[in-house]
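Below you'll find the structure, written out as structure tokens, and then a few comments.
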Amino acid sequence: MKIVTRIILIVSLLFCFSSVMVVQGVYGQEALQVNIEEAIELALRTSEDVQIKENEIDKMRYRYNEAKSAIYPHISGEVTWSRNAVYSPTDPLLNKNYGLDTGVTVTQVLWAFGRISSALRLADKYLTISRLNKDIAQQEIIYHTKLSYYNALLADQALSIVKESYENARKNKMLLEKRNTSGRSSKRDNIKMAADIASRLPQLNDAQTAFSSAMRTFKVIIGVDTEVPVALREDFAVHYSTLNQTEIKGRLQENEPTLKALHKQIDADEEMIKIRKANFLPTLSAFATWDYQGIGNAFYVRGNNLDHYYVAGLKVSIPIWAGGEKVSLLKQARVDKENSILRLQKTTKEFTLELDNAIFEYHEYINTLKANHEAVELARESFNMTRDLFETGQVSLADLNDAELLLTSQKLALVLTLYNLNTTLAKIEKLAATEL
């Protein structure tokens, strides 16, 4: 019995130790600290969209190899075994029960009036477009990662401000209780102070909920499990410089991957038009065939019944009439090119307008930020002064609450302006496809 008791005790200790280790692993792990660059790297590494675009690049590369195969010889083999159920009455020499025909054919296109070369250039341009589509996907991921990071940072700082406001209200209550000991406070002030503190709890809960939601979204974007604690290591920038609108608009035209892809699509449409035109022209090819065939009365045709045959020559294929199919395909290709040109013009106008508005908003936010800093300093000075006056009974409780709420609102306005500044800058960087 003592041995059994010892075994049970050891197993229990091991179970408790493993449970403690699991709890420490879940709740005691250090927070993953990331800045914006690290968040972007994680998001790109775990993005399914980027992986899909990489697969599309491979697909276009295989399509290029497919088009390239037309310039090489094509070799095909064929084996035919036949059973003659009914003899041909017109040729007594073919009155045999079985036949065997084996052979190899080699064909080589010699000249197709640019059809093959245009197909190669078309495949190459679509390969380039697929690479640009990957750049577009990366730009979108970078932009949305920045937005999510700034959104989480805004929620974090807003939560800190609301918590500080709640603590200020509690300190104000302590000042009121201190006044009560001196007999300078009324029951109405006590009730109002209690109501003021209670009214801040829903705001605190809402801020906590918004922060938790923002962090969960951010973790999903960077590919981190939602149970893993994450800390934002990079704060909003302090200084913001003005932007050169002309230079940035030039970067839009040069670097923006969507516009570059649309330019390449126009080139691809032009190559398709050349291919459709070449379909009206002949195709010159060479061929060579070797056959080893014969007939016999046995199901296996013996070698002495088989003979070798060789054929070689040139072949010209001339399209004469296909019911208007080639004309329709050519007109479709021309319409596709016209639409690509219109799509490029439309997208360029939209992106340019969007960039102009973003730069204008960015500069306005810089001016607003200066006013926000001044407003926060004045509101803080006013609140400190009002608290000192309230402590000596020179101002009412309403004045103190108003001063504190003004300070809180100005702090929130400052953080919101910082958020707008950084998200607008991220939008400008996305459109210009460059870091500023």
Side-chain angles (χ1 to χ4, degrees), residues 11-59 130-131 133-164 166-167 201-237 257 412 415-416 418-427 429-430 433 435:
V11 171
S12 301
L13 291 174
L14 290 175
F15 177 78
C16 294
F17 177 75
S18 61
S19 300
V20 171
M21 294 300 294
V22 170
V23 171
Q24 288 181 349
V26 175
Y27 298 100
Q29 57 182 322
E30 295 183 359
L32 174 64
Q33 299 188 4
V34 295
N35 57 18
I36 295 179
E37 295 299 326
E38 293 167 345
I40 291 173
E41 182 180 353
L42 290 172
L44 291 174
R45 187 187 307 166
T46 59
S47 172
E48 292 83 1
D49 290 334
V50 173
Q51 296 175 12
I52 291 173
K53 297 304 179 182
E54 289 177 351
N55 292 337
E56 289 294 329
I57 293 175
D58 293 337
K59 179 180 177 180
S130 65
R131 293 193 180 102
N133 287 336
K134 179 185 175 182
D135 294 340
I136 294 171
Q138 289 178 334
Q139 287 294 109
E140 288 292 333
I141 292 169
I142 292 172
Y143 175 63
H144 288 292
T145 303
K146 289 180 179 180
L147 290 187
S148 181
Y149 186 96
Y150 294 138
N151 189 41
L153 189 58
L154 171 65
D156 184 22
Q157 296 194 2
L159 177 60
S160 299
I161 292 172
V162 173
K163 285 182 178 179
E164 184 179 358
Y166 179 75
E167 292 299 323
L201 287 176
Q203 299 176 358
L204 183 60
N205 292 334
D206 291 343
Q208 181 64 56
T209 301
F211 173 70
S212 300
S213 177
M215 286 303 299
R216 281 196 298 270
T217 302
F218 178 67
K219 292 176 184 178
V220 171
I221 289 179
I222 65 176
V224 175
D225 190 89
T226 55
E227 300 299 326
V228 176
V230 174
L232 307 178
R233 191 154 51 89
E234 184 175 350
D235 202 348
F236 290 122
L412 291 174
V415 174
L416 183 59
L418 288 170
Y419 169 79
N420 290 331
L421 254 174
N422 284 272
T423 54
T424 305
L425 182 60
K427 186 176 184 180
E429 291 176 340
K430 173 180 174 292
E435 295 291 332

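For clarity, every value in this text was computed on a predicted model and none was experimentally measured.
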Gap separating the CZ atom of R233 from the CG atom of N35, nearest 0.5 angstrom
4.5 Å

Euclidean distance, I222 CD1 relative to T217 OG1, rounded to 0.5 Å
11.5 Å

Name the one of E37, E429, E140 that satisfies salt bridge (Lys or Arg N to Asp or Glu O under 4.0 Å) with K146?
E429

Tell me if a side-chain donor or acceptor on E234 pairs with a main-chain N or O of I36 at a distance below 3.5 Å.
yes

Does the side chain of L421 come within less than 4.5 Å of L425's, by heavy atoms?
no

S148 (side chain) donor-acceptor with H144 (main chain) under 3.5 angstrom:
no

State, to 0.1 Å, how close I141 and A43 come at their nearest heavy-atom pair, and which atoms those are.
CG2-CB, 3.9 Å

Under 3.5 Å, side chain of K219 to main-chain N/O of T226, donor-acceptor pair present?
yes

Report the distance from atom CD1 of I221 to atom OG of S47, rounding to the nearest 0.5 Å.
10.0 Å

Verdict with reasoning, K134 to I57, per side chain to side chain contact (heavy atoms under 4.5 Å, CB included):
CA-CA 8 Å; K134 179 185 175 182; I57 293 175; 3.8 Å; yes

Spacing of Q138 atom CD and K430 atom NZ [to the nearest 0.5 Å]:
13.5 Å

OH (Y150) and OG1 (T145) are apart, to the nearest 0.5 Å, by 11.0 Å

Between S213 (side chain only) and T209 (backbone N and O only), is there a donor and an acceptor less than 3.5 Å apart?
no

What are the two closest non-hydrogen atoms of M215 and V230, and how far apart are they?
CE-O, 3.4 Å

Taking every non-hydrogen atom, the tightest pair across Y419 and L154
CG-CD2, 3.7 Å

Backbone N or O of A152 within a donor-acceptor pair of the D156 side chain at under 3.5 Å?
no

Hey, could you give me the CG/CZ distance between N151 and F218, rounded to the nearest 0.5 Å?
11.0 Å

So which atom in D235 and which in Q157 form the shortest heavy-atom distance, rounded to 0.1 Å?
OD1-NE2, 2.5 Å

Applying salt bridge (charged side-chain N to carboxylate O under 4.0 Å, His left out), run through E41 and R45 and close with a yes or a no.
CA-CA 6 Å; E41 182 180 353; R45 187 187 307 166; 3.0 Å; yes

Carefully, step by step, assess R216 and S212 under the rule side chain to side chain contact (heavy atoms under 4.5 Å, CB included).
CA-CA 6 Å; R216 281 196 298 270; S212 300; 3.8 Å; yes

Can you name the closest pair of heavy atoms from A214 and A155 and give their distance?
CB-CB, 4.1 Å

